[in-house]
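Here the structure is laid out as structure tokens; the discussion comes afterwards.
Residue numbers run from 1 in the order of the sequence given. All heavy atoms count here, side chains included; hydrogens, waters and symmetry mates do not.
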Amino acid sequence: MGIPEQSVSAWSAVANEAQAALKDRYWNEKLGMMNQWYPPAKAFGEENFYYWWQAHVMDVLIDGLERTGEAAYRELLSELAEGVRSYNGDTFKHNYYDDMEWTALALLRAYDATGEEPYLTNALELWEDIKTAWNDHMGGGMAWKKDQLDYKNTPANAPASILAARLYRAYGKAEDLAWAVRIYEWNRENLVDLATGFVWDGINRLGDGRIDKDWKFTYCQGVFIGAGVELYLATRDEQYLQDACRTTTACFEELCAAETLLLPDEGIDDTGLFKGILIRYLLEMEKVAPPAERDAIFAVIEANALSLRDRGLSRELGLCGPSWVNPPMLPIQLSVQLSGVMLLEAMARLEKK
């Protein structure tokens with residue numbers, strides 16, 4: 001992206017390399033979006049378009065823009081938003097509620113970073129559609145998608161709570177805070193182990209009312225932590241911060257290797273994005289956490305970033321694999337690269353602090 005390495009910190013330099021590789025290896029100028037694979041020949045037809053992955057591309061471009069102020073990030077962000085909207089049928093609306101939530105969160109951040117009104121307009125349009133996800137199946141909560149209204153999961157609820165709380169903090173509408181609280185409370189009461197704070201993925205996926213307690217995903221922990229942080233900032237109610245602290249501790253105990261603090265290899269496809277999402281919301285948690293939790297968060301992010309930089313990153317290609325321990329092997333999916341960029345951007349921000 002054009003910043004001389006000698007003018008930036010060590011971690012910013014590595015983040016710059018990964019960001020440059022993201023654009024150089026994945027950007028599809030014709031579509032105005034990122035390809036799903038590098039090399040791109042791995043993709044076949046419609047398989048190349050994963051709507052929700054592009055939301056996280058927006059997020060990492062905003063990370064780069066906020067960190068560097070470089071106009072290239074802003075320009076690519078604008079091209080990407082237009083490309084996704086166009087390819088999606090001239091709308092950001094989608095069948096999957098959680099996918100729209102990721103996109104609305106990214107668009108809201110884009111507006112905050114650039115002041116460009118269309119980002120906010122589109123985020124608010126999505127929010128109106130997202131609210132139709134709430135229904136009485138399973139006692140409430142936000143549905144995962146429009147054609148499966150009785151399946152509720154953390155990825156469709158916690159990000160919606162984050163979005164509503166951020167909208168409340170920005171614009172002060174009591175209705176948005178009420179939505180944030182109601183969604184959060186349903187998520188907490190139905191998909192959180194109250195004995196430990198560990199967050200389960202979903203309930204009633206197969207129509208049998210069962211909770212998928214064996215699906216232990218990093219991003220479920222991340223978004224619930226993020227929702228607790230946003231509601232704490234919106235209300236200053238310590239209970240939300242306590243919830244976030246418990247889930248942070250449970251996440252590290254359950255999912256990090258005890259001796260190394262390294263997060264697991266969750267594979268490719270959608271799961272390739274999960275660790276990066278956790279890191280994003282751990283970074284938000286670090287800003288408000290009590291000292292002990294803040295130190296633990298820093299230790300986990302640093303350990304994983306060091307492992308990725310020293311062992312899991314191809315400096316020749318600027319790419320990483322789903323493991324942050326082992327060198328990547330081609331082909332590499334966009335989702336996996338995005339997680340690595342999120343980790344390096346997080347470390348660069350912590351280094352700057």
Hydrophobic cluster identity match, [X] and [Y], side-chain contacts under 4.5 Å:
X	Y	result
Leu343	Ile277	no
Val199	Leu194	yes
Leu76	Leu107	yes
Val14	Leu263	yes
Phe217	Val336	yes

Residue pair [X] / [Y], side-chain heavy-atom distance below 4.5 Å:
X	Y	result
Tyr151	Leu206	no
Glu238	Tyr232	yes
Leu31	Phe49	no
Leu334	Leu22	yes
Leu163	Leu108	yes
Val192	Phe224	yes
Asp201	Thr154	no
Leu241	Met285	yes

Minimum heavy-atom distance [X]-[Y], with the two atoms named:
X	Y	result
Pro331	Trp37	CB-CE3, 3.7 Å
Pro328	Leu319	CG-O, 3.4 Å
Tyr281	Gly222	CB-O, 3.0 Å
Arg280	Asp59	NH2-CB, 3.5 Å
Gly209	Met138	CA-CE, 4.0 Å
Asp243	Arg188	OD2-NE, 2.9 Å

Open item on the list: Atom NZ of residue position Lys216 - does it have more than 12 heavy atoms of other residues, nucleotides or ligands inside 6.0 Å?
Closed with: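 No.
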TODO: For Asp147, look at atom CG and say whether over 12 heavy atoms of other residues, nucleotides or ligands are found less than 6.0 Å away.
DONE: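 Result for CG/Asp147: enclosed.
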Task: Note: Asp193-Arg246 ion pair, threshold 4.0 Å (strictly below) - done: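 Looking at Asp193 and Arg246, the cut-off is not met.
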Task: Short N-O contact, Arg349 and Glu286, less than 4.0 angstrom - done: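 Not counted as a salt bridge, because no side-chain N and carboxylate O are separated by less than 4.0 Å.
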TODO: For the pair Leu65 and Thr114, evaluate side chain to side chain contact (heavy atoms under 4.5 Å, CB included) and give the outcome as yes or no after the intermediate values.
DONE: CA-CA 9 Å; Leu65 175 60; Thr114 69; 4.0 Å; yes
Roughly how far, to the nearest 0.5 Å, is the [atom2] atom of [Y] from the [atom1] atom of [X]?
X	Y	atom1	atom2	answer
Leu261	Phe252	CG	CZ	8.5 Å
Glu75	Leu61	CD	CG	11.5 Å
Leu126	Leu105	CG	CG	10.0 Å
Glu17	Leu313	CD	CG	7.0 Å
Ile297	Cys251	CD1	SG	9.5 Å
Ser335	Lys275	OG	NZ	11.0 Å

- [ ] Quickly, which of Tyr96, Trp102, Tyr97 forms a ring pair (Phe, Tyr, Trp, His ring centres under 6.0 Å) with Trp52? Name it, please.
- [x]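 Looking at Tyr96, Trp102, Tyr97, the match for Trp52 under the ring pair (Phe, Tyr, Trp, His ring centres under 6.0 Å) is Trp102.
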Is the backbone N or O of [Y] less than 3.5 Å from a side-chain atom of [X], with the two atoms forming a donor-acceptor pair by type?
X	Y	answer
Asn88	Val84	no
Tyr51	Phe92	yes
Ser161	Ile183	no
Ser78	Arg74	no
Asn28	Lys30	yes
Ser323	Asp265	no
Arg169	Ala234	no
Gln337	Gln333	no
Asn135	Leu149	yes
Lys152	His137	yes

- [ ] Tell me yes or no: between the side chains of Glu351 and Ser9, is some donor less than 3.5 Å from an acceptor?
- [x]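 On atom types as modelled, these side chains qualify, holding a pair under 3.5 Å.
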Task: Test item: side-chain donor near acceptor, Trp200 and Asn153, under 3.5 Å - done: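 Per modelled atom types, Trp200 and Asn153 side chains form no pair under 3.5 Å.
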Task: Charged tip of Arg309 within 45° of Trp11 ring normal and under 6.0 Å - done: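 Yes.
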- [ ] List the steps, then state whether side chain to side chain contact (heavy atoms under 4.5 Å, CB included) holds for Ile130 with Met142.
- [x] CA-CA 8 Å; Ile130 289 164; Met142 309 294 274; 3.8 Å; yes
- [ ] Kindly assign one of parallel, tilted or perpendicular to the pair Phe274 and Tyr219, based on the angle between their ring planes and the thresholds 30° and 60°.
- [x]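 Rings of Phe274 and Tyr219: parallel, under 30°.
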- [ ] Starting from the C-alpha separation in whole Å, work towards a yes-or-no answer on side chain to side chain contact (heavy atoms under 4.5 Å, CB included) for Leu330 and Leu317.
- [x] CA-CA 10 Å; Leu330 296 178; Leu317 294 173; 4.1 Å; yes
Open item on the list: Is there a side chain to side chain contact (heavy atoms under 4.5 Å, CB included) between Arg109 and Tyr119? Walk through the geometry before answering.
Closed with: CA-CA 8 Å; Arg109 284 191 69 211; Tyr119 291 126; over 6 Å; no
